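Please read the structure below before turning to the comments.
Here the structure is a predicted model, which is why all the values come from computation and not from measurement.
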Amino acid sequence: MDFQVVVLAGGNSKSLTPLVSKDVPKPLLPVANHPVLYYVLHQLEESNLKNLIVVVEGEDAGLLVGAWISGTFVDRLHVEIAAVPEDIGTAGALRAISHYLTAKDILAVSGDLVSDVSPGAVAATHRRHDAVVTATLCSVPISGSSELGSSGGKDKTKKPGRYNIIGLDPRKQFLVHIATGAEVEKDTRLQKHLLHAVGQMEIRSDLMDAHMYAFKRSVLQEVLDRKDTFQSLKQDVVPYLVQSQLKSQAVLSGIPQAEEDGNKKVSFPNNQVMVSQILANASTPSFHELYSMDPDGFAQTRKTHKCCAYIASSSSYCVRLNSIQAFMDINRDVTGEADHLLSDNVIGPSPKLGTKTTVGPHCMLGEGSEMGDKCQVKRSVIGRHCRIGSHVKVVNSVVMNHVTIGDGCIIQGSVICSNVQLQERVVLKDCQVGAGFVVTAGSEYKGESLARKEK
């Protein structure tokens, strides 16, 4: 389809401390014992989009991610790793690699997206409408704490959320207004010329930006070059394109209006008829062909660029791993209602379980892990090669690889990172324990973040 795919994988992330580290950058955080980046790459492979540029923040993280991709997707994908500086944002990352972008269209997707939405369908929609941008919109996930506690110790569902206000044309094909959560307070304002042009608009606050965008490369590069302060695709680039779509392409490109329009004129007896004509066209894609009055009272047709929306089915799964709560939710979902995203067995090939040990539904036990007698595991993920003693209870938690858990420990609503050692009778509720940390015997923590100091 002449698409270049750019996966914006990130690197370190303050919102995910202490889960991320120098040894485990964000793209390699495990979701159901697969790095989160696996899910995006698998979806791209399924859509036959196999030529990728994976952008990672930081040279060290780039080497780790590149090594994992080479080992996992060998002979399946053609991947180039591009390391960029940290904290330059998604637009900054694309600007940094712009010299690699040569195709007619670019598909940019966040590396922390866990979804069953087809990237190929988004690309096809973009190409069909000849759009400058196509944004993927999904239903807002029903987030909240797991059964017996959340990662932060509080019920996240009770907090007011930040909403995106999205305006769509009547056919729900075109994105005609967007205000991101950071901008939205009690009300939102729409420009008169926008309402005149579109005629009718459907305002939605139940859709989230999935951070999967198709761009016309020439327009994207022009915006990145001109607007060198733009850092975010979501906050800066996409709203700019949406706001400017009802302006003439001639104006945007600096071409004289007459040259762009070919001097084609249509006479209207008065302004009222012109407005009526615009409103009559509002329910079809032709609202992108607007009419403007010249000084002689003639109307000129102006073609404008198109900003499209790909609205995923309400039954689609679409969540970004951008917080500790999201990390907990996604791990729970992928081993539960969204287990179709997994291509392997829920219980690994060779875990060893002691007598009277029970593993409930919606759990995953990694390869090579062992559990002692009379343990209980409920709605949790246990990583590979873990050593778990007897009388241990793990509920609504994620335990990563090579973790040692002593006898009598109780772990609830918590994340235990790789190579952690929990000595006997440790009790953790709604905690995060960073890689390599040792929790001494008999300790009890609630709502704590435990981690070694970075050297």
Side-chain angles (χ1 to χ4, degrees), residues 1-11 24-57 59-84 93-94 97 100-124 126-127 136 210-214 312 316-321 330-331 333-335 338-346 348-350 364 366-368 381 383-384 400-401:
M1 297 175 69
D2 193 27
F3 264 89
Q4 248 178 318
V5 180
V6 179
V7 179
L8 299 166
V24 184
K26 181 180 177 180
L28 299 184
L29 267 184
V31 170
N33 291 336
H34 290 289
V36 64
L37 186 58
Y38 165 86
Y39 294 89
V40 165
L41 299 187
H42 179 67
Q43 285 296 105
L44 291 167
E45 182 183 25
E46 290 287 296
S47 291
N48 203 33
L49 294 165
K50 298 183 179 182
N51 292 307
L52 319 176
I53 301 173
V54 175
V55 182
V56 184
E57 294 182 0
E59 295 283 349
D60 292 342
L63 291 172
L64 291 170
V65 172
W68 171 76
I69 292 175
S70 296
T72 306
F73 288 92
V74 62
D75 299 328
R76 292 164 56 187
L77 298 174
H78 179 265
V79 179
E80 294 181 49
I81 302 294
V84 299
L94 282 179
I97 65 157
Y100 292 119
L101 305 180
T102 57
K104 178 183 177 183
D105 294 294
I106 307 298
L107 184 69
V109 56
S110 178
D112 64 6
L113 181 65
V114 180
S115 172
D116 54 14
V117 177
S118 168
V122 177
H126 178 77
R127 183 60 57 81
T136 307
H211 286 237
M212 187 191 303
Y213 312 103
S316 298
Y317 186 83
C318 187
V319 185
R320 290 185 60 222
L321 198 166
I330 295 170
N331 271 280
D333 293 343
V334 170
T335 54
D339 60 0
H340 61 281
L341 291 169
L342 281 174
S343 58
D344 53 11
N345 296 324
V346 174
S350 59
M364 171 172 280
E367 180 181 1
V381 175
R384 298 178 178 88
M400 298 187 193
N401 301 331

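Residue Arg320 holds its CZ atom at 4.0 Å from CG of Asp112, rounded to the nearest 0.5 Å. Atom CZ of Arg127 and atom CG of Asp105 lie 4.5 Å apart (nearest 0.5 Å). The CD atom of Gln4 sits 8.5 Å away from atom CD of Glu80, with the distance rounded to the nearest 0.5 Å. Note that CG of Leu8 and OH of Tyr213 are 9.5 Å apart. Values are rounded to the nearest 0.5 Å. The distance from atom CD of Gln43 to atom CG of Leu49, rounded to the nearest 0.5 Å, is 11.0 Å. For the atom pair CG of Leu52 and CG of Leu107, the computed distance is 9.5 Å after rounding to the nearest 0.5 Å.
Side-chain contact between Val24 and Leu29: present, with at least one pair of heavy atoms (C-beta onward) separated by less than 4.5 Å. Looking at His34 and Leu342, their side chains come closer than 4.5 Å, going by heavy atoms from C-beta outward. Residues Val334 and Tyr39 meet the side-chain proximity criterion, which asks for heavy atoms closer than 4.5 Å. Within the 4.5 Å cutoff, side-chain heavy atoms of Leu101 are placed close to those of Ile53.
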Begin with the C-alpha distance, continue with both residues' side-chain angles, and end with the deciding distance and a verdict on side-chain contact (heavy atoms from CB on, under 4.5 Å) for Leu44 and Val7.
-> CA-CA 10 Å; Leu44 291 167; Val7 179; 3.7 Å; yes

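Among all heavy-atom pairs drawn from Pro119 and Ser47, the shortest one is CD-OG, 3.4 Å. Heavy-atom minimum distance, Ser110 versus Val40: O-CG2, 3.4 Å. Of all non-hydrogen atoms in Leu28 and Pro35, the two that sit nearest each other are CA-CB, 3.7 Å. The minimum heavy-atom distance linking Ile81 with Val79 is given by the pair CD1-CG1, 4.0 Å.
For Thr136 (side chain) and Met212 (main-chain N/O), a donor-acceptor pair under 3.5 Å exists by modelled atom type. Remark: the backbone N or O of Tyr317 is paired with a side-chain donor or acceptor of Asp116 at under 3.5 angstrom. For Asn401 (side chain) and Arg384 (main-chain N/O), a donor-acceptor pair under 3.5 Å exists by modelled atom type. One N or O on the side chain of Asn331 and one on the backbone of Ala32 form a donor-acceptor pair closer than 3.5 Å.
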List, one per line, each side-chain donor-acceptor pair under 3.5 Å for residues 60-71, sequence neighbours excluded.
{"unit_1": "Trp68", "atom_1": "NE1", "unit_2": "Thr72", "atom_2": "OG1", "d": "3.0"}
{"unit_1": "Ser70", "atom_1": "OG", "unit_2": "Gly66", "atom_2": "O", "d": "2.9"}

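Note on residues 61-74: no pairs pass salt bridge (Lys or Arg N to Asp or Glu O under 4.0 Å), not counting sequence neighbours.
Of the candidates Val31, Ile330, Leu113, Val31 is the only one forming a side chain to side chain contact (heavy atoms under 4.5 Å, CB included) with Val36. Between Lys50 and the choices Leu41, Leu77, Val5, the side chain to side chain contact (heavy atoms under 4.5 Å, CB included) rule is met once, by Leu77.
Glu45 meets the salt bridge (Lys or Arg N to Asp or Glu O under 4.0 Å) test with Arg76; sequence neighbours excluded.
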